[in-house]
Each structure stands twice: as C-alpha cells, then as structure tokens.
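In what follows, a single structure is set out as structure tokens and then discussed.
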Amino acid sequence: MSTDRYPFRTIEPKWQRRWEETRQFQVTEDPSRPKFYCLEMFPYPSGRIHMGHVRNYAIGDVLARYKWMRGFNVLHPMGWDAFGLPAENAAIEHGVHPAIWTYENIEHMRSQFKKLGISYDWSREIATCDPAYYRWEQLIFIRMLDRGLAYRKRSSVNWCPSCQTVLANEQVEAGRCWRCDSEVTKRDIDGWYFKITAYADELLEWCDRLPGWPERVMTMQRNWIGRSEGAEFDLPVSGRPGLSLRVFTTRPDTAFGMTYAVLAPESPLVDQLVTDDGERDVVERFRAEVARQSEQERVAEDRPKRGVRLSAHIVNPFNGAEIPLFIADYVLVTYGTGAIMAVPGEDQRDWDFAKSHGLPIIETVKRPERWTGEAYTGDGIKINSGFLDGLTIPEAKHKAIDWLVARGLGTAKVNYRLRDWGISRQRYWGAPIPVLYCPMCGMVPEREENLPVVLPRDVQISGKGGSPLADASHFVNAPCPKCGGAARRETDTMDTFVESSWYFLRYCSPHYDAGMFDPAAAEYWMSVDQYIGGIEHAVLHLLYARFYTKVLRDLGLTKVDEPFTALLSQGMVIKDGAKMSKSKGNVVDPDELIHNLGADTARLFSLFAAPPEKDLDWNDQGVEGASRFLNRIWRFVISHVAEIGSAPGARGRVEMPATPEGKAFRRIVHETINRVTADIDRDFHFNTAIAAIMELVNALYAFEASAGERMPAVERAGLLREAVETILRLLGPFCPHVTEELWEQLGHTESLFAQRWPGADLGALVRDEVTVVVQVDGKVRGRMTIDVNASSDVVERLALADDKVRPWVAGRRIEKVVVVPKRLVNIVTRP
RNA sequence: GCGGGCGUGGCGAAACUGGCAAACGCAUUGGACUUAAAAUCCAAUGUCCGCAAGGACUUCCGGGUUCGACUCCCGGCGCCCGCACCA
C-alpha cells in the first residue's frame, strides 16, 4: 500500500456536496437544446451495492457527463425497483415489515450511490412501492381490462414451491425459478394475464428495426417469440363421423409421408377416443407416468420417446390412407393444437419414434447423392407425394395449403412460442390488482376515482403460503363498485416486472399527479437514447417493457413505439474465474474500496479493465494501478500550479509553438482529443479512451523532463496548461472528483462539467514528416522518416536506396513496388 | 439439435476501411533516489537462435485469395451464452 495518495477522502465528499448544492444535474425540458436520455436499469434495493452496480452506473455516468459536455440536455435519473420477494422473505425471517426493510435499504444504497459521485438528478427519484407510483399502473390495468388486454383464466401455470407463487414463462430458467433456483412445478390456478401475444408480430418486426440493440439480445427475443408459419388441418377419425383431430405443421408439403398421428397425452380428445375400460386404464397409466416425469428426466440426453397406441385410426386426407394414432410424451398440449401428423421421413423426432415402434417411413423429399442420415430436413424435390411430386419444398407447401383451403379442410396458420404474460403473484409485497368479486355482479374493476387501491401495511406475514392479503379482512372486504353490496377484493398482487415496464416514462415527470406521466414531458424526453444494463434481462424486463410501451401507445398515452433506442448490455464482474458471490468468497465490497482508494479509482478500474460489453476480470493489483495513475496526474498538476498559472491564454488554446519539441508535444495532445472522442462515440470503448489519456500523461512527464527545459518559459507554460486542462476535461467523465478538484486548483471558478468537450485543433495535427516502413516481400527490413508530402516516386526511390533494404534486394529482380502513402512500401522481388 | 458470440504474450487487453501484431495497464527484472524500506522516477520484458550486429518463428489448427491477412473466403478443433421434444 502506498503512503502518499492524493486526498480523495476530502475531495470526493466536497464535490458531491457541491454538485448537490448547485443542483448541477437537475434538468427541465428545454426545447432549445438537444436532449439525451441516459438510463441505467434501476436497482432492486437489496441492501448494499456490489461491484456489478459500480460498473453499470459508472458506464452510464461517463456517458451522461460526456453528453453534458457535448452540450446536450441530459436526463439521468435514478430510482428503486422496490416491490419484490426478498423484502417479504426478510419479513418472514427477521420479523421486519417489508416496507421498513425496503426503505432502510433504499436509504443505505442511496448514500452509497452518492459516494460514487454519479450525476443523477436526484429530484426525480422514485420508488415503485409508493402508492403515488403504482396507482397509475392500476389505472392502466383497468384500461387494459376494458380492451381485453388483461384477462383472467384458469390455466396450468409454473409454480415455485419455495417462493409460494406463480411464475411467468420468462421467469423459469431450465425448469428452475429465476430468483431462488428451486425446481418449478405445475399447478392449475386462476390468474391474471396480459395479452402480450397480441403484440407478438409487432415485437418481432421491431427486432429488425432497432439497430442500437446488440444482435444477441434481439436474437434471444426473436427465439423467445418463436414465430413459425405453417398449416392447420383436420384428420378425420376412422369410422367416427364428425370426430377429427386438428394438427399444426410447418411442413404441409410432407403430408403424403404421414404414417401415423400423435396426440398429447393430456389432450381432452383422448377421452372421447377411448373405446373400453381396458384402453382407458392404459391411457390413464401412461398419463400418470408422464405427469410424474421430473424436469431432470424431461431434459435428459437422448431421452427415449414413449407413447401408447390407441385403438382409433385416422385418415390422411391427402391420400385416404388409414393410419394409426398414438399418445406420446413428445407432443406438448401447450403448443399448436396439441396434436401432430407424424412424418418420420422428414422429422427426426418422428423418425426416432417410428423406429422404436416399428412404424413405416415414407420419404417425400429426394435425398442428395450420398445421404447417410436419418430424417432429412434439407432442400430437395418432392417425391411419393401425389400432386406435389416434382415441386420444390416451398412450392409444395403453398400448393398443399391451397389444396386444404379449397376443400375446407384447413388453413394457413402462424404459431408462436410466446405465451401471454401471467402477472398474478400470490404474495404480499406488490401492487394490488384493482378488481373485486361481487356475488351479484361477478368480477368488477375498482372505480378509477377510488384508485389507488393501497396495499395495507398491517398484515400478518407468516410465510405459510397463500397470499397474506387473503387474511386481511379490512382489505379484502369492500363494497362492490357497481352495486355497492359486499364484495371481496382480489388478493393477488402484480408481478414486479409490471412496475419496471414503465418507470422510464415516470422519470419524465415523476411528481405529476394528473396521470401516469405528463404527455409533454414524455414527448420531450422519450425515447431513452441509451439504456444500460445486464444481459440477464434480455427476454424478461426488456420484452415486457417493449410490450407495455406499445400498450400505452395504443391507449393514446405516448407516441413512441419503442422505449429504448439503444441498449448496451454490460458484462459481469468476475474474480478468480467466477462471478463474485459470497459463497465463492471472491466479493469486493465497493464501500471498502471507496474508503481505501476512492470512488474515482473504483470507477476508473471498472471502466479500464475491459470494454463494457465484456466480462470484467477483477484484479486488486490492477486497481492499485488505476490509483497510481490518478496520483500521477495529481502530483504533476499540484507541482505545476504556479507555472501553469503564469501561462498566457488561460482558456486552453496556445499560440502555435515555435520549437519542434513543442509542436510534437502539442500534436500528441490534440491527437489524444480525437482518439478519446472517437473511442467514446464508437461503441463506448472506454478502456482504450483511458489508455489514450494514460499515453498523454506519459508524454507529459517525458516532455517536462526533457524537451520542455530548453524552450522559452512562456511556450512551455502554455503547452503545459493546454495539456493539463485537456487531460482534466477528457478524464472528467471517468473520474469526476479528482478532475473537478484539480480544475479548481488551476484557478477556474466554473465547474469542469460546465465546460465544452475539447475539439482538436486541426493545425496542431499537421505533421511535416512521417515514418514509413519498408518491406521486402512482405517482411519489414527498414524504416525511414520522410517528408509527408513526398510523391510515390520519391518514396519508392528512397526505399530502394535505403541501406538496410539494399542487401535484401541485391541480386534479385524487382517484380513491383507497392507504395501505401504515409504508411509503407513493399518491394516485391523474384530470384 | 437450433440460434448467437468468442479463440492474440505470464495475466486483463489493443490493432479504425486488409498495411510496422501485442498500444495501455498488471506482473516480473534491472537501475536511480534512500542508512534502509515504501513511494516515486528511468529502462527492459512475445518465443527461439546468437557475445553482438542481426536472424527465424508467432494472433486455435489446416487450406485459399492478396504485393501484404488477427482482419476476407473454405474446412476443422475448442470454449462461452441463450433456447430446447415448439411439430
């Protein structure tokens, strides 16, 4: 540990206080300036911040401060995703009320964020558990109910036995709860749904229209939506007039290869097809077996496909063939129609099943020459397919669908993997769903003037299961909004992802009380120009927020189609090869780091060690290096305050220096301006931007130690001033406290962040000479410093005359000479 | 299986449109300063051969295009992430 560090412990709080007192980062709508809405995903108030937070919010802060200096009116707000299970679990374990726990955590974390010196407009802080916040989503819920975008149904849902609540499909990861990792089971439960499937096509379409989003996130969303085109048609049951099963297929062209059909075991149609008690027994036993399968078994490698043959047969409408019917575990009741036509020739799953059950296989696509595989899914010409023979697969698909439509047997059909968003949670710490159940009127939404339906504080949180609200009679019992009679309130609360689906709109006018947000403010600020957060929300929050924004648009509340113009998905913070976690013992505590080395150092290292989208490998010695760099700047500036203060042209620009050393140094200063600016603008490569500033600081030391001694004092002081002030401005967004302090030490009275971002002086960038590499047959054999404007002929002549080069050319025939101006010469030879 | 990404020194990484591979930092080594240490400053540091000047090799592997390939094309190997019996 070094002993001689700059006084970050006094300057960091000093500037945090100053920024707050001067309301430096508080903004209002200002149509005369371009706006920039910079947003990092708001945190859950878990208690303490971790290095992942530091990195996330440091990235956002660099961008926000940079945009300030570029003259933008920057909205950079902060708030709390404050509803959720951990608060309730803390209540169960420690007896503290979720509200108390949450607000205490917010207090603590707010102070931690302030210690990081992030440029938030704290006057816009929100917490989603505030009734003044969630009342608006209750209102929207009622509007969605009107339009059929919110609805209630009984359905088989994902149930987390540990969290004691339902989970949406997006919240189940490989069969486990996204939050607590428990194995998820199935339950039939009544619940509320948002009709996100109504927006499937639009959500998908916009995936191609958001170039500011990372490709991998868009791909994950596309896959999640899972659109597939095909046909749906009926297969009549043999000898049972009027009875048929409907199947969905993406390959209607393969219908002539259908050698059997399969129903999902759970399908209700199975019960109608069963002919006697013996068969019923077999079916029920199979159903029980399928239901017993654990998630583990279901995802096991090479899981054999199991099934039971029914006595019923069905008829292939394309060729009249009578074929067997099965129930099998590989057909899902939840997708398509829950029934398939099986074409083992062109579908590997059907092929596997056919092989193990001795079923025939008909090829309907001509295989390539040396085909050795099993089911064939490639291109080819149709065979064994009646009127489709000789067509390509796309042609045959169309013709098969036309054939079905003409006979009234089926239609073209699009299916999605996406399911409606189940938003009911059987838990306490969430926004109440504003409906009541009346014995006379049925389900009735709360009257809009009665909103918000406030979540009651005095509730017993036992953790015994079931919503705690159900036992709170003062909440549950309420008059019916329609008839005034005794009714019962809904006791499910909303998924917390509903709150995070619109908080970015609330930030535009967080204190507005005539609606969800002030339309004028939202019109000015939206959309979010740059959104920053972790990849874990690729299909959760980021899909829900896109959907909800479109709903609000269709309700006439906003004009934007998409909430986030650009997304930066930052990598994880890794240490010793693993994600930081208590159990691995590799956690670095931000508080400790800030105390020992300062917030600027913590920020600098997390921005320097890797580009933002990559995982960051934490390294304590690397952090020391970052601290060393800031000390180096500090020492230089402090020891040169007097000299720099004596320089003319206190505002940066200096007269073109007279000495070659001065010119060369000044060029480095201005080249650095261009490099740093380009690195920030192009892909947020803060790591290389910082590296460029480090190079400039190295050059500054070298200049001061050597050439600087021999030039006129006025020139030297002017160059030092320009260099130092450039460094402070370029580094400001990364390390705002130390740069702001040094800026003041140099005699400035206005904040560094009220300064304009520097621009390179084109005159300073001009070079007289340039170093050109000379290659012989692609290998570097020499280099020469020549006039920048030398013609290609001259460059070629000089290269051939070079002492280092000549021996390599001697005795060989020169084939040609390639001259790349200002870069290199390649002499191509033959023996 | 499908989709996306990646592969460069001891380590984190850099290289814009094909043009000096390894910038910057960490670590290591040497020197200066010091009674000494720390801090600081200066220097060296891809691998191999060589006392040296210098040379050969090197961006996962194998081919190709090109005067020239980390970068483009073809084939392979390996790793990471997401979805996964989605018909």
Side-chain angles (χ1 to χ4, degrees), chain A residues 1-5 173-174 214-224 226-228 230 247-251 254 262 264 298-299 301 303 305 328-332 334-343 346-350 352-353 377 415-418 535-536 538-539 574 604-605 608-611 613-626 628-629 631-632 635 675 678-679 682-683 685 687-695 697-698 701-702 705 771-780 782-783 804 815-829:
Chain A
M1 285 284 277
S2 83
T3 51
D4 186 27
R5 294 198 198 276
E173 294 170 352
E215 191 51 44
R216 90 178 143 143
V217 173
M218 278 316 181
T219 304
M220 282 163 75
Q221 292 210 354
R222 273 189 213 106
N223 292 344
W224 190 260
R227 183 181 201 273
S228 55
V247 294
F248 172 72
T249 178
T250 55
R251 293 292 302 275
T254 62
V262 189
R298 280 190 40 218
V299 299
E301 287 282 312
R303 195 165 62 96
K305 295 174 178 26
D329 58 357
Y330 79 99
V331 174
L332 308 174
T334 50
Y335 186 79
T337 58
I340 62 159
M341 67 167 193
V343 185
E346 278 87 34
D347 184 291
Q348 188 60 42
R349 294 158 300 183
D350 296 343
D352 292 341
F353 190 81
T377 55
N415 252 314
Y416 299 92
R417 216 181 68 96
L418 183 69
I535 190 72
E536 67 273 18
V539 284
I574 304 284
L604 183 65
F605 180 74
F608 174 64
E613 71 279 5
K614 281 187 73 165
D615 285 351
L616 182 149
D617 202 349
W618 195 265
N619 174 341
D620 291 331
Q621 285 163 324
V623 182
E624 285 283 341
R628 200 144 53 217
F629 170 65
N631 276 304
R632 207 162 135 80
R635 268 197 317 274
R675 287 172 68 188
D679 284 344
R682 168 178 63 93
D683 299 338
H685 278 183
N687 55 331
T688 49
I690 293 165
I693 301 171
M694 287 173 168
E695 285 183 64
V697 172
N698 291 343
Y701 268 80
T771 298
V772 169
V773 165
V774 185
Q775 298 181 335
V776 179
D777 296 321
K779 298 202 187 249
V780 180
R783 58 194 70 218
K804 290 262 175 49
E815 190 92 328
K816 69 172 175 180
V817 179
V818 181
V819 178
V820 182
K822 297 176 196 179
R823 282 188 185 273
L824 66 69
V825 180
N826 190 11
I827 301 164
V828 186
T829 71

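The chains referred to below are lettered A, B, ... by the order of the sequence lines, with proteins before strands, and numbering in each begins at 1.
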Looking across every strand, which nucleic acid part, if any, lies under 4.0 Å from [X] by heavy atom: base, sugar-phosphate, or nothing?
| X | value |
| --- | --- |
| A:Lys822 | nothing |
| A:Thr337 | nothing |
| A:Gly625 | sugar-phosphate |
| A:Arg628 | sugar-phosphate |
| A:Val817 | nothing |
| A:Val773 | base |

If you compare all heavy atoms of [X] against all heavy atoms of [Y], which two are closest, and at what distance to 0.1 Å?
| X | Y | answer |
| --- | --- | --- |
| A:Arg635 | A:Tyr701 | NH2-OH, 4.1 Å |
| A:Val331 | A:Ala264 | O-CB, 3.4 Å |
| A:Val817 | A:Val825 | CG1-CG1, 3.6 Å |
| A:Glu346 | A:Thr377 | O-CG2, 3.5 Å |

With both distances under 3.5 angstrom, what nucleotide forms a Watson-Crick or G-U wobble pair with [N]?
| N | result |
| --- | --- |
| B:C72 | B:G64 |
| B:G82 | B:C2 |
| B:C26 | B:G10 |
| B:U17 | none |
| B:U40 | B:A32 |

- Query: Under 4.0 Å between a side-chain N/O of A:Arg635 and OP1 or OP2 of B:C41, yes or no?
  - Reply: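 Result: yes.
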- Query: What orientation do A:Phe353 and A:Tyr330 show, parallel under 30°, tilted 30 to 60°, or perpendicular over 60°?
  - Reply: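 Geometry flag for A:Tyr330 against A:Phe353: tilted rings.
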When the [atom1] atoms of [N] and [M] are considered, how many whole Å apart are they?
| N | M | atom1 | result |
| --- | --- | --- | --- |
| B:C16 | B:G7 | P | 13 Å |
| B:A69 | B:G62 | P | 15 Å |
| B:C70 | B:A13 | C1' | 14 Å |
| B:U59 | B:U8 | P | 12 Å |
| B:G9 | B:U58 | C1' | 10 Å |
| B:A14 | B:A23 | P | 13 Å |
| B:G46 | B:C11 | C1' | 13 Å |
| B:C61 | B:C67 | P | 24 Å |

- Under the side chain to side chain contact (heavy atoms under 4.5 Å, CB included) test, residues paired with A:Asn223 that sit two or more places apart: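 If we apply the side chain to side chain contact (heavy atoms under 4.5 Å, CB included) test to A:Asn223, skipping adjacent residues, the hits are A:Thr219.
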- First locate atom NZ of A:Lys614, then atom CD1 of A:Ile574, and finally report the distance between them rounded to the nearest 0.5 Å.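 Going from the NZ atom of A:Lys614 to the CD1 atom of A:Ile574 covers 11.5 Å.
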- Task: Kindly indicate, with the supporting measurements, whether the criterion salt bridge (Lys or Arg N to Asp or Glu O under 4.0 Å) is fulfilled by A:Glu215 and A:Arg222.
- Result: CA-CA 10 Å; A:Glu215 191 51 44; A:Arg222 273 189 213 106; 3.3 Å; yes
- Scan nucleotides 3-18 of chain B nucleotide by nucleotide, 5' to 3', and note B when protein non-hydrogen atoms come under 4.0 Å of the base, S if they reach only the sugar-phosphate, - if neither. SS-------BSS----
- To the nearest Å, how far apart are A:Asn698 CG and B:C24 P?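 Atom CG in A:Asn698 sits about 7 Å away from atom P in B:C24.
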Nearest to the side chain of [X] - [options]?
| X | options | answer |
| --- | --- | --- |
| A:Gln621 | B:C67, B:A27, B:G19 | B:A27 |
| A:Met694 | B:C24, B:C41, B:C57 | B:C24 |
| A:Ala691 | B:C83, B:C42, B:A23 | B:A23 |

- Could you say whether A:Phe248 or A:Ile690 is positioned toward the 5' end of RNA chain B, judged by the nucleotide with the nearest heavy atom to each?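 The residue closer to the strand's 5' end, by nearest nucleotide, is A:Ile690.
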- Message: Does B:G9 count as syn, meaning its glycosidic angle lies within 90° of 0, or as anti?
- Response: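 Syn, angle within 90° of zero.
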- Would you say the side chain of A:Asn826 lies within less than 4.5 Å of the side chain of A:Val820, judging by non-hydrogen atoms?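 No, their side chains stay 4.5 Å or more apart.
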